[in-house]
Protein chains: 4
Amino acid sequence: MPTAQQASTGRRRNPATRAAILATTFDVVAELGYARLTIEKVAARAGVGKQTIYRWWPTKGALVLDAVLERSLGPGEPVDLPDTGDLEEDLTAVLVATVEEFADPAFDRALRGLTAAIIEDPELGQAYRERLDEPMRELKRRRLRRAQEVGQLDVDVDLDLAVDLIFAPVTRRWTERSGDLTPEGVRAIVRHALRGLAGSA
Amino acid sequence: MPTAQQASTGRRRNPATRAAILATTFDVVAELGYARLTIEKVAARAGVGKQTIYRWWPTKGALVLDAVLERSLGPGEPVDLPDTGDLEEDLTAVLVATVEEFADPAFDRALRGLTAAIIEDPELGQAYRERLDEPMRELKRRRLRRAQEVGQLDVDVDLDLAVDLIFAPVTRRWTERSGDLTPEGVRAIVRHALRGLAGSA
Amino acid sequence: MPTAQQASTGRRRNPATRAAILATTFDVVAELGYARLTIEKVAARAGVGKQTIYRWWPTKGALVLDAVLERSLGPGEPVDLPDTGDLEEDLTAVLVATVEEFADPAFDRALRGLTAAIIEDPELGQAYRERLDEPMRELKRRRLRRAQEVGQLDVDVDLDLAVDLIFAPVTRRWTERSGDLTPEGVRAIVRHALRGLAGSA
Amino acid sequence: MPTAQQASTGRRRNPATRAAILATTFDVVAELGYARLTIEKVAARAGVGKQTIYRWWPTKGALVLDAVLERSLGPGEPVDLPDTGDLEEDLTAVLVATVEEFADPAFDRALRGLTAAIIEDPELGQAYRERLDEPMRELKRRRLRRAQEVGQLDVDVDLDLAVDLIFAPVTRRWTERSGDLTPEGVRAIVRHALRGLAGSA
DNA sequence: TCGTAATCGAGACGGTACGTCGTGTCTTTCT
DNA sequence: AGAAAGACACGACGTACCGTCTCGATTACGA
């Protein structure tokens, strides 16, 4: 894990090696999926010793999580969700963008791999929530809070409930590969979800 | 898959062997999870030759799907969802029952295993949808259709959308191990989802 | 080990595979020596899975012992030592033949490898003694016994002592790569050893 | 090898470190044998960096040779073999003392390790001969030369042959762990060897 | 009394091999 | 023909060491 602080003496960790491993991991999971991802393959393709991977990542899952994080977050800081004043439009835009990412086979497979790993590994799940899900969720909560302030959303509703209600149906259709994921389908979900969460005004 | 039709001559497939394999598979996935489930382990524990498993199931995933199906559906025929007239109450009851099943570690792990397999394997996903998800979904649609007939649900709303809006948030909280899965939490989801789907009357 | 008797059911051990492994093992020790002999290399060159080697031989040493045995003893039965009536001449001939075998680099390295393994592994040492050393030693004792019968050797002398006195100096010169291993050098050893063991007649 | 001459400037080699490494090496080879001796283990146990070992010794074998030399020769200078006038008695005493050293498991294993290394490594063999074997052999030759002078040994016999004839059988019984290594067994070897080498007087 | 040069502990790194486990196939024998 | 037993080629596991390579700290000498 990248937070391990360096001991006072000895050779230091090579950041280029770390980057090469994560980039290769992403490529391999995008190409073969999580089940056929192999530490050995990653090491070989990255031109790295296996031990170097095992030294820094405890499991395949942790490796994939870091790889996806590195690729998703990149160097920049997280931007806010759009706020044009039209809540339904803004959320639909976000979800349509998400669906478009899923349409990229590489990203699709990488994310499926990560998800498969998370379902079976509680510790990895926690890391995922803290480092990927929670930051994104905070952005969503923020947008919805603003909607509450302008009376577009019921001020009594729990924001996490609201987020789940709006976003979970799309996620489900993706993981189970069933249901309508077109822009219209996504907009219908947002519309009905928001209707249930609407402010009384 | 068990639908292979029997050739005219020679020894017939032994149903007791099939049952033993599926029961053992369920136990193993419940104990070790999908990742550490092994055909060899199943064969050994079931007192069965490996070939016997390979003869009838093409992949680990197909085996687990059958094992879960066998356990879930059991011998009886699927019953309808409750219909007391109070839609929110009925759906909350169904979801609370689901959450209670998740609380059984064996079932939880078995289902997580199956889900992990499905995410990465499109073919298995299709089999899952046809044999497990669609029958359940049909029951849900049926209940919602009755709600439409009595004016509790917008007649214009797509029933699959409605099902996703109501059920997906709970599923998401389970797979990602985050969010409120208490009866109250579940009821809140149902309430707000139904508000968005309510009939205009 | 080749004495394991076959269980009643299941696939049988493939004798061709066994032979390929032993032949390859001999080649590899002869080429690289014992220290750089690798189970993996043997498996790869023999076109065999590693497990197949581990299934039948517990250690590198056991493998090399079998390889040397297979090559040395071959199919035929052990022949007697020469008996022309001239004891010194006969023994010198035997030792000169041995030294000539050592002159073959392949045999030399294979035997050095086996010897290195034996020195550090008591169990392997016992196997070596029972299966290679003792049969050879019996032939030597037999020749010396005949010498006792015709009065060329002290009848009171222990035959194992006699064998050691005659053969050990040559072996030592070989293992330590020091001392005269020419036919004349070998003959000198035999002459002086026999003088110490001579019959009183 | 420790003969590298010191460059004019910079920090000098630490003799305490050298001693610690050799002492640890001896302990490790005595405990685990040569095959399981590891530079890493020695470094760790001696509290020394790996590089410090690699800087001064080219191979495991060289390290073990130095370790055995350090322990065997110690600080003092080599003493002569006993000379009571009774050659058989003196040589038997020497060999019995040797056998007693072999009885110490630590020494036994260390020496076996060294021997195993030597058998396969010609260069190491040469170093061994020059630094350990030859000095000992010179002492033996010296004693035998005195025996020639007093007519107890054939003056025409080559002294190296004589040494081999007397000492090799005992060494062989040790390396192959077979044959009589009791004082009586050893004395019998000496007696018969000397009979073959006896002076004509 | 500094700077230069080597030693030394520590430990990352690219590799090779270990010995084990599992895969999916094949062979043998029994039912 | 179905099934248990188990050999087999193969691929990956996670670990141990190899020998090399920084690092930073520590001596020692010579200018």
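Just so it is clear: chains get the letters A, B, ... in the order the sequence lines come, proteins before strands, and each one is counted from 1.
Distance check: A:Q126 CD to A:I118 CD1 gives 12.0 Å after rounding to the nearest 0.5 Å.
None of B:I39, B:I53, B:D66, B:L63 except one satisfies the side chain to side chain contact (heavy atoms under 4.5 Å, CB included) rule with B:T25; the exception is B:L63.
Contact annotation: D:R11 side-chain N/O to E:dA6 OP1/OP2 distance is not under 4.0 Å. Residue C:T17 has no polar side-chain atom (N or O) positioned under 4.0 Å from OP1 or OP2 of F:dA7. Contact annotation: A:T52 reaches the phosphate of E:dG14 (side-chain N/O to OP1 or OP2, under 4.0 Å).
Contacts of residues 32-42 of chain D with DNA chain F (heavy atom under 4.0 Å): D:T38, D:I39, D:E40, D:K41.
Between D:W56 atom CH2 and E:dT7 atom P the separation is 5 Å, expressed in whole Å. Regarding A:K60, its NZ atom lies at a distance of 11 Å from the P atom of F:dA12, rounded to whole Å. We find that CG of D:L63 is positioned 15 Å from P of F:dC17, with the value rounded to whole Å. Rounded to whole Å, atom P of E:dG14 lies 7 Å from atom CD1 of A:I21. Going from atom CZ of B:R55 over to atom P of F:dA4 covers 8 Å, rounded to whole Å. With rounding to whole Å, C:R12 atom CZ is found 14 Å from F:dA4 atom C1'. The nearest whole Å value for the distance from the CD1 atom in D:I53 to the P atom in E:dC8 is 11 Å. Nucleotide F:dG14 holds its P atom 15 Å from the CH2 atom of A:W57, rounded to whole Å.
Taking five base pairs at each end of the helix from E:dT1-F:dA31 to E:dT31-F:dA1 and finding the rotation axis that steps the C1' atoms of four pairs onto the next four gives two axes whose angle is 10°, to the nearest 10°.
Side-chain contact between B:R36 and A:E120 is absent, with no heavy atoms from C-beta onward closer than 4.5 Å. Two residues are said to be in side-chain contact when any heavy atoms from C-beta on lie closer than 4.5 Å; B:L37 and B:L32 fail this criterion. With contacts defined as side-chain heavy-atom distances shorter than 4.5 Å, the pair B:W57/B:R18 qualifies.
The nearest pair of heavy atoms linking B:A127 to B:L65 is CB-CD2, 3.7 Å.
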Identify each donor-acceptor pair in which a side-chain atom of residues 107-117 of chain A lies under 3.5 Å from a protein atom, sequence neighbours left out, and give them as a table.
residue: A:D108; atom: OD1; partner: A:R112; partner atom: NE; Å: 3.3
residue: A:D108; atom: OD1; partner: A:W174; partner atom: NE1; Å: 2.7
residue: A:D108; atom: OD2; partner: A:R112; partner atom: NE; Å: 3.0
residue: A:R112; atom: NH1; partner: A:T175; partner atom: O; Å: 3.4
residue: A:R112; atom: NH1; partner: B:I119; partner atom: O; Å: 3.2
residue: A:R112; atom: NH2; partner: A:W174; partner atom: O; Å: 2.9
residue: A:T115; atom: OG1; partner: A:L111; partner atom: O; Å: 2.6

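Mapping A:Q51 and D:A46 onto DNA chain E by nearest heavy atom places D:A46 closer to the 5' end of the strand. Where C:P15 and B:V48 meet DNA chain F, the nucleotide closest to each residue was compared, and B:V48 sits on the side nearer the 5' end.
With distances taken from any side-chain atom of C:Y54 to the nucleotides E:dT23, E:dG19, E:dC21, the minimum falls on E:dG19. When distances run from any side-chain atom of D:K50 to the nucleotides E:dA12, E:dA17, E:dT29, the shortest one goes to E:dA12.
Residue A:T9 places a side-chain atom within donor-acceptor reach of the base of E:dG9, judged by atom type and a 3.5 Å distance cut-off alone.
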Please evaluate residues A:K41 and A:E31 with respect to the criterion salt bridge (Lys or Arg N to Asp or Glu O under 4.0 Å), reporting the C-alpha separation (whole Å), side-chain torsions for both, the decisive distance (0.1 Å), and the verdict. CA-CA 12 Å; A:K41 223 166 262 158; A:E31 189 180 327; over 6 Å; no
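A donor-acceptor pair under 3.5 Å is formed between the side chain of C:K60 and the backbone N or O of C:Y34.
For C:R55, the CZ atom counts as densely surrounded, since its 6.0 Å shell holds more than 12 non-hydrogen atoms of other residues, nucleotides or ligands.
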